[in-house]
J.: 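My questions all concern the structure below.
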Amino acid sequence: MDDQPRLMHSSHGVGMAGHPGLAQHMQDGTGGADGEGRKQDIGDILQQIMTITDQSLDEAQARKHALNCHRMKPALFNVLCEIKEKTVLSIRGAQEEEPPDAQLMRLDNMLLAEGVSGPEKGGGSAAAAAAAAATGGSGSDNSAEHSDYRAKLTQIRQIYHTELEKYEQACNEFTTHVMNLLREQSRTRPISPKEIERMVNIIHRKFSSIQMQLKQSTCEAVMILRSRFLDARRKRRNFNKQATEILNEYFYSHLSNPYPSEEAKEELAKKCSITVSQVSNWFGNKRIRYKKNIGKFQEEANMYAARTAATATNVSTHGSQANSPSTPNSAGGYSSPCYQSDRRIQ
DNA sequence: CCGGATGATTGACG
DNA sequence: CGTCAATCATCCGG
């Protein structure tokens, strides 16, 4: 039975109700042949086919078996095929493949870029590294944040994958179920493989729309995580003591003009293992805070002035004085820096 | 836990 | 674009 040609449009579901022209075909094809008995038979068989989906499974199973063994069954099947063949032409080309969804592609790309849907290790760490670089944090502290970010990303990724797998499994289960159903039904009514395929497509589309929701919420979670991670203000760490000393040293030894050039900033940044913009921030903050309350900083100023003076004398006694000519004005008064520090910045 | 210290951000200005 | 001034958000010592 299975090798009979099967043609049936499946978009109307599994029932036969509403098939046009079936009744008259039956009359035309069988009316004159054998009288009332046959007509009755065919009426029965049709009725059974039409109502088979309304019945409970085991009941239907028994009916189906009876139906398949019915002597009129092959003939009826052929008739159905014939009708189907006529109608299938008008159905063809009704709907075509939809273009790949732009939003879905965007989501996929983003998940891939964030390392959620890509290969296990590479993408995630790369994205985290990029994010870390963007924050411009110093070496020591962002490794902790980095691992924190990584851990959270991994968490998201795991949830995403288990959910995705669940959906996929459910989709496959449902698809095979429907396919079995259709294949089973194709023994009593004509169903073409193409129609089964179309039905599978419909199911897949439905499930992928569910997946899209998953992807969307995953993307959202990643964005939130990322924005929190990238907002450096929320995880500010003080510079280490050495960096602060280097910066202060420069600041107080250039008190008359505490505006490091771009190269000087780069140099300081390298020495302190921070970024140039962090150096700029530091000097900006320092200048404004120093100016605001010079008194508060005087002790500090004296200290650094004394220190630079000491190193300067050390250097000069050793014969080479390479770094002194830059700011003769400010570095000179080491004995009483507190008196000359006023109104330098204005 | 509080308050000052501190790094970063924001908006205005030249 | 660099700087200033105000402000935010966090850190950290007492």
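The sequence lines fix the lettering, A, B, ..., with proteins before strands; numbering per chain opens at 1. All values below come from the heavy atoms of this structure, side chains included, with hydrogens, waters and symmetry mates left out. Just so you know, these numbers come straight off a predicted model, no measurement behind them.
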J.: Sequence neighbours left out, what passes side chain to side chain contact (heavy atoms under 4.5 Å, CB included) with A:K206? Give chain and number order.
T.: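 Applying side chain to side chain contact (heavy atoms under 4.5 Å, CB included) to A:K206 gives none.
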J.: Polar atom pairs between nucleotides 12-14 of chain C and protein, under 3.5 Å, N or O only, would you list them?
T.:
{"unit_1": "C:dC12", "atom_1": "OP2", "unit_2": "A:R237", "atom_2": "NH2", "d": "2.8"}

J.: Rounded to whole Å, how long is the line connecting atom NZ of A:K286 with atom P of C:dG2?
T.: 22 Å
J.: Please report, rounded to the nearest Å, how far the P atom of B:dG7 is from the CZ atom of A:R289.
T.: 8 Å
J.: Any salt bridge (charged side-chain N to carboxylate O under 4.0 Å, His left out) involving residues 243-252 of chain A? Give me the pairs, sequence neighbours left out, ordered by first then second residue.
T.: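 Salt bridge (charged side-chain N to carboxylate O under 4.0 Å, His left out) check on residues 243-252 of chain A returns A:E245-A:R307.
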J.: Hey, does the side chain of A:E173 reach the backbone of A:A170 with a donor-acceptor pair shorter than 3.5 angstrom?
T.: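 No, A:E173 side chain to A:A170 backbone: no donor-acceptor pair under 3.5 Å.
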J.: Test salt bridge (charged side-chain N to carboxylate O under 4.0 Å, His left out) on A:E267 and A:K270 and set out the steps.
T.: CA-CA 5 Å; A:E267 171 115 11; A:K270 200 184 292 181; over 6 Å; no
J.: Side chain of A:R236 only, heavy atoms from C-beta on: which candidate in B:dT6, C:dC4, B:dT9 is closest?
T.: B:dT6
J.: Round to a whole Å and report the spacing from CZ of A:R287 to P of C:dA5.
T.: 10 Å
J.: Expressed in angstrom and rounded to an integer, what is the separation of A:N285 atom CG from B:dT9 atom P?
T.: 11 Å
J.: Could you tell me if the ring centre of A:F297 sits under 6.0 Å from that of A:Y252?
T.: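 No, the ring centres sit 6.0 Å or more apart.
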J.: If the cut-off is 4.0 Å, is A:K265 near the phosphate of C:dG2, judged by side-chain N/O to OP1 or OP2?
T.: no
J.: Could you state the atom-to-atom distance from CD1 of A:I288 to P of C:dC4 in whole Å?
T.: 6 Å
J.: Strictly under 6.0 Å, is that where the ring centroids of A:Y304 and A:F251 end up?
T.: no
J.: Taking OH from A:Y290 and P from B:dG7, how many angstroms apart are they, rounded to a whole number?
T.: 18 Å
J.: For A:E300 and B:dT6, what is the distance between atoms CD and P respectively, to the nearest whole Å?
T.: 7 Å
J.: Could you state the atom-to-atom distance from NZ of A:K291 to C1' of C:dT3 in whole Å?
T.: 11 Å
J.: Below the 4.0 Å mark, does B:dG7 have OP1 or OP2 next to a side-chain nitrogen or oxygen of A:Q278?
T.: no
J.: Nearest 0.5 Å please: distance from the CD atom of A:E299 over to the CE atom of A:M303.
T.: 8.5 Å
